[in-house]
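The structure appears right after this line, and notes come after that.
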Amino acid sequence: MTTSSTFSWEAYYKAPIVGIIRGETLETVREIAKAYIEAELFTIEITMNTAGVAEIIAMLRTEFPSLNVGAGTVCTLEDYSVAVSAGAQFIVTPIIDELVIKKAVADAIPIFPGAYTPTEIYKAWSLGASAVKIFPATQLGPTYIKDVLAPLNTIKLLPTGGVNKESIKTFFSAGAIGAGMGSSLLNKQLIKDKNFKELTTYFKSIKSEIVDFIT
């Protein structure tokens, strides 16, 4: 690996959106990554239940050194090992697994564990989470983020699930430090049609919604 293995928070905060790719082929991911960079987005996640995930992560790390490339749906230490060996610069989980969180913290790799209740959120943060992924945020909405941050104002929250172009600004207004977006960002029809030019335009339109929150 010739590129830096270090996650760039500077790049993240230029566009605090984590694009979640699940189930796409290596060639399609390559085209998505080109559009992603053109739209000046920098943090992308490949889920571990994507076929060929290790190869895809390795490709992204080699061919797109300006990206933060992470692994999502990491549930076990085995998943973690595969992801990190492939070059993942950050880890995202849908759950709290103490062993995975502690391993990432020990390895100085940013980790965003999934949590739902205030108790889970606080536990994930106490274990050393870089930010806590509020998942699924579909039913909870921005008000929940605001309510949790009232007493737990030092915790960084990253809502995922239910964040779309129409709602993303309200999540940031509520205090989120970023958002995880899957199908609401990675428009399935545009990808199916291989219309990556329009996908770039769509990426830019979503980023424009949070321009006031970009440092």
Side-chain angles (χ1 to χ4, degrees), residues 12 15-57 59-60 64 67-75 79 83 88 90-95 112-116 131-145 157-174 176-211 213:
Y12 171 80
I17 295 171
V18 180
I20 304 166
I21 298 178
R22 187 188 308 273
E24 301 290 353
T25 65
L26 185 146
E27 287 302 323
T28 298
V29 174
R30 179 181 281 119
E31 295 303 316
I32 291 171
K34 291 175 183 176
Y36 211 70
I37 289 173
E38 188 173 342
E40 296 187 324
L41 297 175
F42 301 102
T43 304
I44 202 162
E45 165 194 335
I46 311 299
T47 65
M48 292 301 293
N49 53 0
T50 295
V53 59
E55 184 182 3
I56 293 171
I57 289 172
M59 178 275 292
L60 289 173
F64 302 94
L67 288 180
N68 286 321
V69 180
T73 319
V74 176
C75 296
D79 289 340
F90 68 97
I91 299 294
V92 184
T93 79
I95 57 169
F112 310 136
Y116 196 75
V132 181
K133 168 184 167 181
I134 305 303
F135 175 79
T138 309
Q139 300 300 321
L140 301 175
T143 301
Y144 183 73
I145 302 297
L157 299 182
L158 184 81
T160 301
V163 182
N164 54 38
K165 183 178 178 180
E166 290 69 36
S167 67
I168 188 170
K169 187 173 182 178
T170 57
F171 277 102
F172 277 81
S173 295
I177 60 98
M181 301 179 72
S183 58
S184 60
L185 176 68
L186 297 151
N187 186 287
K188 291 290 186 182
Q189 192 60 51
L190 293 176
I191 293 171
K192 181 180 179 181
D193 294 342
K194 300 188 184 301
N195 191 347
F196 296 107
K197 182 177 180 180
E198 186 60 32
L199 186 65
T200 302
T201 300
Y202 185 62
F203 287 162
K204 289 179 178 178
S205 73
I206 292 179
K207 183 180 176 181
S208 70
E209 292 291 322
I210 59 167
V211 66
F213 301 94

Open item on the list: For a 4.5 angstrom cut-off between non-hydrogen side-chain atoms, does Arg30 reach Met59?
Closed with: yes
- [ ] State, to 0.1 Å, how close Ser167 and Asn164 come at their nearest heavy-atom pair, and which atoms those are.
- [x] N-OD1, 2.8 Å
Open item on the list: Nearest 0.5 Å, please: how far is OG1 in Thr25 from CD1 in Ile56?
Closed with: 7.0 Å
Open item on the list: When you compare the side chain of Tyr12 with that of Val18, does any pair of heavy atoms fall below 4.5 Å?
Closed with: yes
TODO: Check whether any side-chain N or O of Thr50 sits under 3.5 Å from a backbone N or O of Thr47 as a donor-acceptor pair, and report yes or no.
DONE: yes
TODO: To the nearest 0.5 angstrom, please state how far the CG atom of Asn187 sits from the OG1 atom of Thr201.
DONE: 11.5 Å
Task: Heavy-atom side-chain contact between Lys133 and Thr93 under 4.5 Å - done: no
Task: OG on Ser208 to NZ on Lys165, rounded to 0.5 Å - done: 6.5 Å
Task: Interatomic spacing from CD1 in Ile21 to CD1 in Ile46 - rounded to 0.5 Å - done: 4.0 Å
- [ ] Working to the nearest 0.5 Å, report the span between NZ of Lys207 and CD1 of Ile168.
- [x] 11.5 Å
Open item on the list: For a 4.5 angstrom cut-off between non-hydrogen side-chain atoms, does Tyr144 reach Gln139?
Closed with: no
Task: Beyond-backbone contact of Phe196 with Lys194, side-chain heavy atoms, under 4.5 angstrom - done: yes
TODO: Look at the rings of Phe203 and Tyr36 and say which category their plane angle falls in: under 30° parallel, 30 to 60° tilted, over 60° perpendicular.
DONE: perpendicular
- [ ] Assess whether atom CD of Glu55 is packed by more than 12 heavy atoms of other residues, nucleotides or ligands within 6.0 Å.
- [x] no
TODO: State whether Glu24 and Lys188 are salt-bridged, where the test is any N-O pair (Lys NZ or Arg NE/NH1/NH2 against Asp/Glu carboxylate O) under 4.0 Å.
DONE: yes
Task: Partners meeting side chain to side chain donor-acceptor pair (under 3.5 Å) with Lys204 (sequence neighbours left out) - done: none
Task: Shortest non-hydrogen contact between Phe42 and Ala15, atoms and distance - done: CD1-CB, 4.3 Å
Task: Ala131 to Pro113 - nearest heavy-atom pair and separation - done: O-CD, 3.3 Å
- [ ] Decide yes or no on side-chain contact (heavy atoms from CB on, under 4.5 Å) for Thr73 and Arg22, but give the supporting numbers first.
- [x] CA-CA 10 Å; Thr73 319; Arg22 187 188 308 273; 3.3 Å; yes
Open item on the list: When you compare the side chain of Ile206 with that of Met181, does any pair of heavy atoms fall below 4.5 Å?
Closed with: yes
Open item on the list: For Thr160, give me all partners under side chain to side chain donor-acceptor pair (under 3.5 Å), at least two apart in sequence or on another chain.
Closed with: none
Open item on the list: For a quick test of reading the model, state the closest non-hydrogen atom pair linking Phe90 to Ile44 and the distance between them.
Closed with: CZ-O, 3.4 Å
- [ ] Taking the side chain as every heavy atom from C-beta outward, state whether Phe64 and Val29 have any pair of such atoms under 4.5 Å apart.
- [x] no
- [ ] Indicate the atoms forming the closest heavy-atom contact of Leu199 with Ile191, along with that distance.
- [x] CD2-CG1, 4.0 Å
Open item on the list: Run the side chain to side chain donor-acceptor pair (under 3.5 Å) test against Thr200 and tell me which residues pass, sequence neighbours left out.
Closed with: none
- [ ] Check whether any side-chain heavy atom of Tyr116 sits under 4.5 Å from a side-chain heavy atom of Leu140, and report yes or no.
- [x] yes
TODO: In sequence, state the C-alpha distance, the side-chain angles, and the governing distance for Leu158 and Val92, and then conclude on side-chain contact (heavy atoms from CB on, under 4.5 Å).
DONE: CA-CA 11 Å; Leu158 184 81; Val92 184; 5.9 Å; no
Open item on the list: For the CD1 atom of Ile177 and the CZ atom of Phe213, what is their distance to the nearest 0.5 Å?
Closed with: 13.5 Å
Open item on the list: If I compare all heavy atoms of Ile145 with all of Pro159, which pair ends up nearest, and what's the gap?
Closed with: CD1-CB, 4.2 Å
